[in-house]
Amino acid sequence: MAEERTQMIIVTDDGFAEDDRAERLVAGTYGEVSLTDLEAGLPDDRPAALALNLANDADARAVAPFFNVVETITISFPSFADGRGFSLATQLRRLGFAGQLIAQGHVIADQYAHARRCGFDTVAIDARLAARQPEGQWTSQVPRINVTYQNRLHQAAQIA
């Protein structure tokens with residue numbers, strides 16, 4: 001029996017957006033994999049866009065050899081009080097991951113600026129959290145994002 005997927009809301013600097021990952025999975029244009037899947041080897045007929053789902057205690061160095069085949073990495077946040085996902089995101093960016101990085105789960109609006117500074121592009125939250133912490137609480141954090149991985153990347157590209 002297929003695992004039922006909770007519909008998530010994507011938080012961006014511009015506000016809430018629809019999560020299209022489930023539709024992309026059904027369409028076959030997107031595939032979710034685990035680190036074990038990558039280590040075992042992937043078939044040639046895999047989707048063009050691969051998303052790696054990681055626990056917040058994963059070893060970033062074990063993921064680095066697969067940066068060339070992974071477009072998106074989603075890091076799980078089982079609790080807003082567990083900050084290991086922030087550290088993992090920072091390590092992945094320092095090792096050179098340039099794809100999309102998503103914090104998914106129990107991230108709260110007050111942590112959004114920190115998540116962006118650690119290298120996350122977006123946050124995925126469930127509808128219940130979005131109802132408790134509406135879009136305005138998230139977007140009010142955007143001015144606090146002053147030094148992000150993305151800004152440093154853009155600055156480096158302008159210098160080069």
Side-chain angles (χ1 to χ4, degrees), residues 1-133 138 141 145 148-150 153:
M1 183 146 114
E3 179 182 327
E4 188 169 322
R5 206 181 157 93
T6 302
Q7 184 63 29
M8 304 298 281
I9 294 169
I10 302 296
V11 180
T12 71
D13 291 355
D14 296 324
F16 288 173
E18 185 177 325
D19 183 2
D20 69 347
R21 294 177 291 174
E23 291 84 19
R24 292 174 62 201
L25 271 172
V26 170
T29 60
Y30 179 83
E32 292 181 345
V33 295
S34 69
L35 186 54
T36 304
D37 295 333
L38 290 174
E39 291 170 338
L42 294 169
D44 292 334
D45 63 343
R46 68 182 182 262
L50 285 181
L52 175 61
N53 294 318
L54 287 178
N56 64 356
D57 62 352
D59 180 358
R61 292 179 307 269
V63 178
F66 305 105
F67 286 171
N68 62 331
V69 295
V70 173
E71 176 183 285
T72 302
I73 296 176
T74 300
I75 298 174
S76 176
F77 279 77
S79 166
F80 76 90
D82 186 344
R84 292 178 292 176
F86 298 119
S87 299
L88 179 56
T90 301
Q91 292 168 6
L92 290 169
R93 292 300 191 192
R94 287 183 178 157
L95 288 170
F97 182 67
Q100 183 182 29
L101 205 50
I102 302 171
Q104 180 168 306
H106 297 282
V107 179
I108 60 175
D110 289 347
Q111 295 171 318
Y112 184 68
H114 183 64
R116 295 284 285 126
R117 285 193 297 268
C118 289
F120 284 106
D121 297 292
T122 60
V123 172
I125 58 173
D126 67 29
R128 290 183 314 243
L129 179 56
R132 284 193 319 270
Q133 295 189 326
W138 293 86
Q141 299 299 311
I145 305 168
T148 65
Y149 162 80
Q150 292 81 2
L153 184 64

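In this chain, numbering begins with 1 at the start of the sequence shown.
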According to salt bridge (charged side-chain N to carboxylate O under 4.0 Å, His left out), who are the partners of R84, at least two apart in sequence or on a separate chain? D82

Using the ring pair (Phe, Tyr, Trp, His ring centres under 6.0 Å) criterion, which residues pair with F67? Sequence neighbours excluded.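 For F67 the ring pair (Phe, Tyr, Trp, His ring centres under 6.0 Å) partners, ignoring immediate neighbours, are F97.
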
Those residues that, when tested against F86, pass ring pair (Phe, Tyr, Trp, His ring centres under 6.0 Å) (two or more places apart): F77, H114

For the side chain of D121 and the backbone of L101, is there at least one donor-acceptor N/O pair under 3.5 Å apart? yes

Quick one: which residue pairs count as a salt bridge (charged side-chain N to carboxylate O under 4.0 Å, His left out) with a foot in residues 95-108, not counting sequence neighbours?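 Listed once each, the pairs would be none.
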
Could you state the interatomic distance from [atom1] ([X]) to [atom2] ([Y]), rounded to the nearest 0.5 Å?
X	Y	atom1	atom2	result
I73	N53	CD1	CG	10.0 Å
L35	F66	CG	CZ	6.0 Å
E71	L52	CD	CG	12.5 Å

Can you see which heavy atom on F16 is nearest to which on A130, and at what distance?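 So the minimum-distance heavy-atom pair works out to CE1-CB, 3.8 Å.
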
What are the two closest heavy atoms between L129 and D126, and how far apart are they?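 Smallest heavy-atom distance, with atoms named: N-OD1, 2.9 Å.
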
List the residues meeting side chain to side chain donor-acceptor pair (under 3.5 Å) with [X], not counting sequence neighbours, and say none if there are none.
X	answer
T12	none
T72	Q100
R61	none

Verdict with reasoning, S34 to D37, per side-chain contact (heavy atoms from CB on, under 4.5 Å): CA-CA 5 Å; S34 69; D37 295 333; 3.3 Å; yes

Could you pull out every donor-acceptor pair under 3.5 Å between side chains of residues 106-113 and any protein atom, sequence neighbours left out?
unit_1, atom_1, unit_2, atom_2, d
Q111, OE1, I108, N, 3.0
Q111, NE2, F80, O, 2.7
Y112, OH, D13, N, 3.0
Y112, OH, D13, OD1, 2.6

Check: [Y] and [X] side chains under 4.5 Å, non-hydrogen atoms:
X	Y	value
S76	N56	no
W138	V123	yes
V70	L38	yes

Sequence neighbours excluded, which residues qualify as side-chain contact (heavy atoms from CB on, under 4.5 Å) partners of A60?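 Listed in chain order: L88, Q91, L92, L95.
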
Under the side-chain contact (heavy atoms from CB on, under 4.5 Å) test, residues paired with A124 that sit two or more places apart: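 Per chain and number, A124 pairs via side-chain contact (heavy atoms from CB on, under 4.5 Å) with M8, I10, R21, I102, Q104.
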
